Amino acid sequence: MKVKTAILGVTGAVGQEFLKLLVERDFPLESLKVLASARSAGKTVEFKGQTLTIEEATPEAFDGVELVLSSAGGSVSKKLVPEAVKRGAVVVDNTSAFRMDEGVPLIVPEVNRHVLKEHRGIIANPNCSTIIMVLPLKPLHDRWGVRRVICSTYQAVSGAGWTGIRELEQQVADLAAGREPKIEVFPQQIAYNAIPRIPQSGGVFDDGYLHEEVKMIKETVKIFGDESIHVTATCVRIPVIRCHSETLNVELVKPFTLDEVREALAGAEGVTVQDDVANNVYPVPLACSFLDDVFVGRLRVDNTLPQAVNMWICGDQIKKGAALNAIQIAEDLIRQDLVRVPA
Ligand SMILES: NC(=O)c1ccc[n+]([C@@H]2O[C@H](COP(=O)([O-])OP(=O)(O)OC[C@H]3O[C@@H](n4cnc5c(N)ncnc54)[C@H](OP(=O)(O)O)[C@@H]3O)[C@@H](O)[C@H]2O)c1
């Protein structure tokens, strides 16, 4: 089956990754429409030797489209995704607009592709830090049960899109040239720094938690369909261009050995173990950038709690944390003949 597809937000960091992945995975396209804001309308993008002209994303732009890969921000999704669905398109949405809505499956294919068939036109891609975390949690939860996770993130600037990348690169250049760095996107200088606030503006709850942290907590429960999994998180931006890292302390319900955990992780779909610290073998964001899997290392039993295991993980958040996960969902939709909006 070939699909009439549109990318909403094609000029963005995630949108550009969609274009690359459609080629890389030989996605079965009948046609491809590329959409962005009025600012980009008329500009062009190259795709498989063709020049495609970007159109302004309006409701009518979705006429005749069967599948939308959407990543233009939450407010754009809230406005345009229902319009696309009204016109018969199935939308895989990368924003937080619909993730917690009833009737909207929140999918990481390796974890819960079985709920895809419940979609009513919209499928949500989880938050990037959540996707990266749940991949190694899946084999542990299946075998031992995950009771509690304590997570700290080390998130790349590209999580804030192109403007985040540009700000880090400009600040590094300014500092090298002895100029005062400009601070526009992040609340403090991000070059040579670490900022415990994501998103960079707004997004603080009364109890002090950040929206990013609460997404990780709530989305994990929805993805596993299990309210007994308790997550707490602290989200931090670091001056890395691409690829998020996280430390996880995972308390399990049943007893385990470290060798068993290592073996379960090594056998899990989408997970690669790199764990030999004595020989400097562990994942680092630079080496894991542009790769598909989530990489796991520094495996240790918690010295304060033998029921818990510590690990360090890295995953490319533009790829597996966004575009790749969405395209895997689209591939599953095609395989299961689900590229249609149920009546
Ligand atoms: N970056 C990540 O690591 C990541 C990971 C997971 C999820 N996401 C989510 O994916 C979405 C996009 O993120 P990004 O990093 O790709 O952002 P980005 O680089 O800032 O790109 C934003 C995209 O949205 C488009 N856009 C903005 N306003 C629009 C409008 N009114 N109508 C139509 N298109 C509009 C932009 O088009 P113009 O160029 O024309 O302005 C651009 O294509 C966000 O919701 C983000 O939370 C991002």
Side-chain angles (χ1 to χ4, degrees), residues 6-21 33-45 52-62 68-81 83-84 91-99 106-108 124-134 153-168 184-186 198-203 210-212 215-216 219 235 237-238 240-246 285 288-290 314-329:
I7 299 176
L8 170 59
V10 71
T11 50
V14 177
Q16 292 290 296
E17 196 67 26
F18 276 139
L19 284 176
K20 280 197 236 161
L21 281 165
K33 223 174 205 195
V34 286
L35 307 172
S37 77
R39 291 179 291 276
S40 303
K43 292 183 186 164
T44 57
V45 291
L52 305 179
T53 303
I54 298 172
E55 293 175 41
E56 181 182 354
T58 60
E60 296 71 32
F62 298 101
V68 180
L69 300 168
S70 157
S71 70
S75 56
V76 177
S77 280
K78 279 205 173 117
K79 197 171 118 207
L80 288 179
V81 166
E83 295 291 342
V91 181
V92 184
D93 186 49
N94 256 295
T95 78
S96 57
F98 307 102
R99 285 184 192 144
L106 183 65
I107 302 282
V108 179
N125 218 41
N127 166 271
C128 46
S129 304
T130 311
I131 294 177
I132 289 160
M133 177 174 71
V134 298
T153 70
Y154 303 70
Q155 296 184 223
V157 291
S158 54
W162 287 123
T163 56
I165 299 175
R166 278 197 290 269
E167 178 137 316
L168 173 58
E184 285 171 352
V185 176
F186 302 111
I198 301 174
Q200 50 279 358
S201 60
L210 303 170
H211 277 195
E212 184 85 353
K215 284 176 195 172
M216 294 184 77
E219 291 179 16
C235 290
R237 186 79 68 195
I238 59 164
V240 156
I241 295 286
R242 188 171 164 135
C243 189
H244 288 354
S245 306
E246 300 174 14
C288 299
S289 296
F290 305 101
C314 293
D316 185 321
Q317 96 290 347
I318 298 183
K319 214 170 184 191
K320 183 56 190 168
L324 173 61
N325 196 71
I327 289 198
Q328 288 173 319
I329 291 171

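This one's a predicted model, so the numbers in the text were calculated from it and none came from an experiment. Every number for a ligand or one of its atoms is a count from 1 in the order of the listing.
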- Task: Take E246 and I132, measure what side-chain contact (heavy atoms from CB on, under 4.5 Å) needs, and give me the verdict at the end.
- Result: CA-CA 8 Å; E246 300 174 14; I132 289 160; 3.9 Å; yes

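- In summary, the atoms of ligand 1 found under 4.0 Å from a heavy atom of T95, numbered by their order in the structure, are 45 (O).
- For atom 31 (N) of ligand 1, the closest non-hydrogen atom on the protein side is V76 CG2, 3.6 Å.
- For atom 47 (O) of ligand 1, the closest heavy atom belonging to the protein is N94 O, 4.8 Å.
- Shown here for A156 and C243, the closest heavy-atom pair between the two residues is CB-N, 3.6 Å.
- No side-chain heavy atom of V68 sits less than 4.5 Å from a side-chain heavy atom of K33.
- If you number the atoms of ligand 1 from 1 as listed, the ones under 4.0 Å from a heavy atom of W162 come out as 19 (O).
- Here the side chain of N125 pairs a donor or acceptor atom with the backbone of A322 at under 3.5 angstrom.
- Between the choices A72, A156, A41, G321, the shortest heavy-atom distance to atom 26 (N) of ligand 1 belongs to A72.
- Looking at V240 and S289, their side chains never come closer than 4.5 Å, going by heavy atoms from C-beta outward.
- With 3.5 Å as the limit, one finds no donor-acceptor pair spanning the side chains of Q317 and S129.
- Listed here is the closest heavy atom pair of A57 and L8: CB-CD1, 3.4 Å.
- Near I318, the atoms of ligand 1 lying under 4.0 angstrom from a non-hydrogen atom of the residue are 3 (O).
- For the pair R39 and T11, the minimum side-chain heavy-atom distance is 4.5 Å or more.
- Atom 23 (C) of ligand 1 has its closest protein heavy atom at S71 O, 3.9 Å.
- Between S158, S40, G15, A61, it is S158 that holds the heavy atom closest to atom 2 (C) of ligand 1.
- Nearest protein heavy-atom contact of atom 27 (C) of ligand 1 is R39 NH2, 3.6 Å.
- Checked against a 3.5 angstrom limit, the closest N/O atoms of A13 and ligand 1 fall inside it.
- Remark: ligand 1 atoms within the under-4.0 Å shell around heavy atoms of A36 are 33 (C), 34 (N), 37 (O), 40 (O).
- Under the 4.0 Å criterion applied to side-chain N and carboxylate O atoms, R237 and E212 are not assigned as salt-bridge partners.
- What sits closest to atom 21 (O) of ligand 1 on the protein, heavy atoms only, is G12 CA, 3.1 Å.
- Between S96 and H211 the shortest side-chain heavy-atom distance does not fall below 4.5 Å.
- Considering only heavy atoms from C-beta on, Q200 stays 4.5 Å or farther from E167 through its side chain.
- The proximity of Q317 to ligand 1, defined as any non-hydrogen pair under 4.0 Å, involves the side chain as well as the backbone.
- Nearest to atom 5 (C) of ligand 1 among the protein's heavy atoms is A322 CB, 3.6 Å.
- The shortest N or O to N or O distance between G9 and ligand 1 is below 3.5 Å.
- The protein reaches atom 35 (C) of ligand 1 closely, with a heavy atom under 4.0 angstrom from it.
- Between V14, T11, N125, it is V14 that holds the heavy atom closest to atom 4 (C) of ligand 1.
- Scanning the protein heavy atoms around atom 15 (O) of ligand 1, the nearest turns out to be G161 CA, 3.2 Å.
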